[in-house]
Amino acid sequence: MRRSQLYVPANNEQKIRKSVTLDADEIILDLEDAVPQAEKQKARDLVKSLFHELDWGKKAIWIRANPPTTNHFLKDLELVSSLDALYGVVIPKAEESVTWVNELCEKSLMPLIETPRGLLSLEKLVRSEGVVAVGYGAADFALFVGGSVTQYSSNVYIKSALVITASAYGVDAVDNVFFDLSDIEGFVRQAQEARALGFVGKQVIHPTQIPHANRIFSPTEEEVSWAKSVIQAYEEAESKGKGALKVQDKLVDAVHYRIARRILDAYERLEK
Ligand code: COA
Ligand code: MG
């Protein structure tokens with residue numbers, strides 16, 4: 001599950017320690033934009049010393065490296081390779097195949113689409129070896145095209161492209177961060193729109209956003225109860241040679257059965 005991916009500045013010991021206690025499904029220790037140039041090495045050293053000391057429980061831990069075009073990137077990858085239990089590398093401003101990164105560090109990868117060229121290479125990026133998820137950096141994207149962060153933060157064209165390409169290759173699309181910490185309603189609305197498009201979760205930056213993301217990207221009680229009735233009714237009908245039936249006054253056929261199965265699978269994965 002990647003309903004919530006929490007960014008934590010990798011040079012901030014208090015926040016790293018705090019992240020262990022929070023309910024985010026995944027943690028992203030950020031070596032990129034949350035860390036000033038002069039602090040990059042300190043941040044790597046801090047991650048190296050804390051990583052094994054802390055008990056991360058079931059959380060998957062990522063490192064967001066600096067962009068592949070910077071001279072920080074290979075040092076970040078050295079750190080990544082030295083941490084056996086690290087789950088993967090988030091690659092910001094990715095613009096071309098990242099298979100070479102997987103060959104170097106053998107970790108799961110999550111490229112971020114944050115530039116026009118990244119968007120134009122979306123399919124190549126998603127099909128790279130090791131890629132399990134793809135994300136979207138709306139603020140950087142807005143900066144690159146000269147648009148506003150607000151518009152690009154909810155840009156349906158880009159978000160649809162991400163979900164469509166990701167699902168074509170069995171990869172998870174994760175929605176972008178929402179910067180206004182005082183606007184939980186806005187966060188919730190954006191997360192609901194993302195879920196409706198097919199995103200599996202949302203990147204978050206503050207503890208208050210975590211429970212909302214976890215809830216919105218989980219099946220609701222109504223969905224689960226609908227799914228159970230559809231599965232039961234459909235299987236019963238099918239055994240009598242019927243493929244189309246009525247459940248709660250709506251048509252149910254094979255596609256609704258598949259949707260119901262998907263909801264129930266997600267629910268059962270969460271219950272484990
Ligand atoms: N990870 C872990 N803990 C966090 C956190 C985060 N991302 N954001 C806030 N917290 C903790 C604080 O340390 C504080 O802990 P405490 O109550 O034990 O002292 C508590 O949650 C409340 O935080 P608050 O005082 O409201 O915020 P802050 O001023 O400490 O931090 C930000 C605000 C924006 C600086 C912080 O949320 C942050 O660094 N977010 C991530 C930024 C980032 O990684 N950006 C890169 C990707 S966009
Ligand atoms: Mg960015």
Side-chain angles (χ1 to χ4, degrees), residues 2-37 39-40 42-44 46-47 50-51 54-57 59-70 72-73 76 88-95 98 109-119 122 125 133-150 152-153 155 158-159 162 174-184 186-187 190-191 194 201-214:
R2 336 178 184 284
R3 298 168 304 172
S4 51
Q5 290 185 322
L6 175 70
Y7 276 110
V8 186
N11 62 337
N12 189 318
E13 180 167 352
Q14 185 268 339
K15 282 189 169 54
I16 296 176
R17 289 187 183 278
K18 173 105 182 171
S19 70
V20 174
T21 69
L22 301 170
D23 250 353
D25 287 340
E26 304 195 332
I27 302 288
I28 304 175
L29 302 170
D30 185 27
L31 292 170
E32 198 214 11
D33 280 354
V35 178
Q37 291 296 325
E39 293 264 307
K40 300 284 188 197
K42 180 189 146 193
R44 287 185 205 105
L46 184 62
V47 170
L50 284 182
F51 191 80
L54 297 173
D55 178 4
W56 299 95
K59 293 180 177 62
I61 313 302
W62 298 81
I63 281 182
R64 180 164 80 168
N66 287 279
T69 49
T70 63
H72 290 299
F73 189 69
D76 297 344
V89 191
V90 176
I91 305 173
K93 302 177 183 75
E95 294 193 325
V98 289
L109 303 179
M110 174 170 180
L112 296 182
I113 305 303
E114 315 195 78
T115 68
R117 287 185 190 189
L119 185 62
L122 180 57
L125 275 164
V134 62
Y136 171 44
D140 272 303
F141 202 96
L143 175 69
F144 271 92
V145 297
S148 86
V149 177
T150 308
Y152 276 92
S153 189
N155 187 289
I158 296 175
K159 295 193 180 200
L162 249 76
V174 183
D175 197 38
N176 50 287
V177 297
F178 188 87
F179 297 102
D180 188 348
L181 297 175
S182 67
D183 184 8
I184 284 296
F187 176 90
Q190 190 168 85
K202 191 162 177 63
Q203 297 199 321
V204 299
I205 49 172
H206 191 275
T208 50
Q209 297 178 333
I210 297 170
H212 297 285
N214 288 350

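Start at 1 and go down the list; that is how both ligands and their atoms are numbered. Just so it is clear, the structure is predicted and the values come from calculations on it, not from any experiment.
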Practice task
Using a cut-off of 6.0 Å, state whether more than 12 heavy atoms not belonging to Arg117 lie near its atom CZ.
Solution key: no

Tell me: protein heavy atom nearest [atom], and distance?
atom	result
atom 9 (C) of ligand 1	Pro207 CD, 3.4 Å
atom 39 (O) of ligand 1	Pro9 CG, 3.4 Å
atom 34 (C) of ligand 1	Leu181 CD1, 3.9 Å
atom 28 (P) of ligand 1	Lys15 NZ, 3.8 Å
atom 45 (N) of ligand 1	Ala34 CB, 3.8 Å
atom 3 (N) of ligand 1	Lys18 CG, 3.5 Å
atom 44 (O) of ligand 1	Tyr7 CB, 3.3 Å

Polar atom proximity, [X] to ligand 1 (N or O, under 3.5 Å):
X	result
Ile205	yes
Arg64	no
Ser19	no
Asp30	no

Exercise for the section: Verify the distance criterion only: is there a donor paired with an acceptor across the side chains of Lys18 and Asn12 at less than 3.5 Å? Expected result: no

Exercise for the section: Look at Arg3 together with Asp23 and state whether they make a salt bridge at an N to O cut-off of under 4.0 Å. Expected result: no

Do [X] and [Y] have side chains that approach each other closer than 4.5 Å (heavy atoms only, starting at C-beta)?
X	Y	answer
Arg44	Asp76	yes
Phe141	Asn155	no
Leu112	Val90	yes

Handout entry: Nearest option to atom 1 (N) of ligand 1, as decided by whichever heavy atom of Leu6, Leu112, Asp140 sits closest
Key = Leu6

Practice task
With rounding to the nearest 0.5 Å, note down the distance linking OG in Ser4 to CG in Leu22.
Solution key: 9.5 Å

Exercise for the section: Quick one: pull up CD1 in Ile113 and CD1 in Ile91 and give me the separation to the nearest 0.5 Å. Expected result: 10.5 Å

Handout entry: Under-4.0 Å protein heavy-atom contact, atom 25 (O) of ligand 1
Key = no

Practice task
Taking the Mg ion (ligand 2) as the reference point, name the nearest N/O/S atom of Asp140.
Solution key: OD2

Exercise for the section: Write the atom name of the N, O or S atom in Glu114 that is nearest the Mg ion (ligand 2). Expected result: OE1

Practice task
List the steps, then state whether side-chain hydrogen bond (donor to acceptor under 3.5 Å, both in side chains) holds for Ser153 with Asn176.
Solution key: CA-CA 7 Å; Ser153 189; Asn176 50 287; 3.3 Å; yes

Exercise for the section: Specify the closest pair of heavy atoms between Pro68 and Phe73, including all atoms of both residues, with the distance to one decimal. Expected result: CA-CG, 3.5 Å

Exercise for the section: Could you confirm whether Glu32 has any N/O/S atom lying under 2.8 Å from the Mg ion (ligand 2)? Expected result: no

Practice task
Answer yes or no for Asp33: is there an N/O/S atom below the 2.8 Å cut-off from the Mg ion (ligand 2)?
Solution key: no

Exercise for the section: Give the numbers and elements of all ligand 1 atoms closer than 4.0 Å to a heavy atom of Gln14. Expected result: 13 (O), 15 (O), 16 (P), 18 (O), 19 (O)

Handout entry: Close-contact set for ligand 1 against His206 heavy atoms, below 4.0 Å
Key = 8 (N), 9 (C), 22 (C), 23 (O), 24 (P), 26 (O), 27 (O), 37 (O)

Practice task
Determine the sole option in Gln37, Lys40, Glu32 for which the side-chain hydrogen bond (donor to acceptor under 3.5 Å, both in side chains) test with Asn66 is passed.
Solution key: Lys40

Problem - Geometric cation-pi criterion, Lys202 with Phe187: 6.0 Å, 45° - result: yes

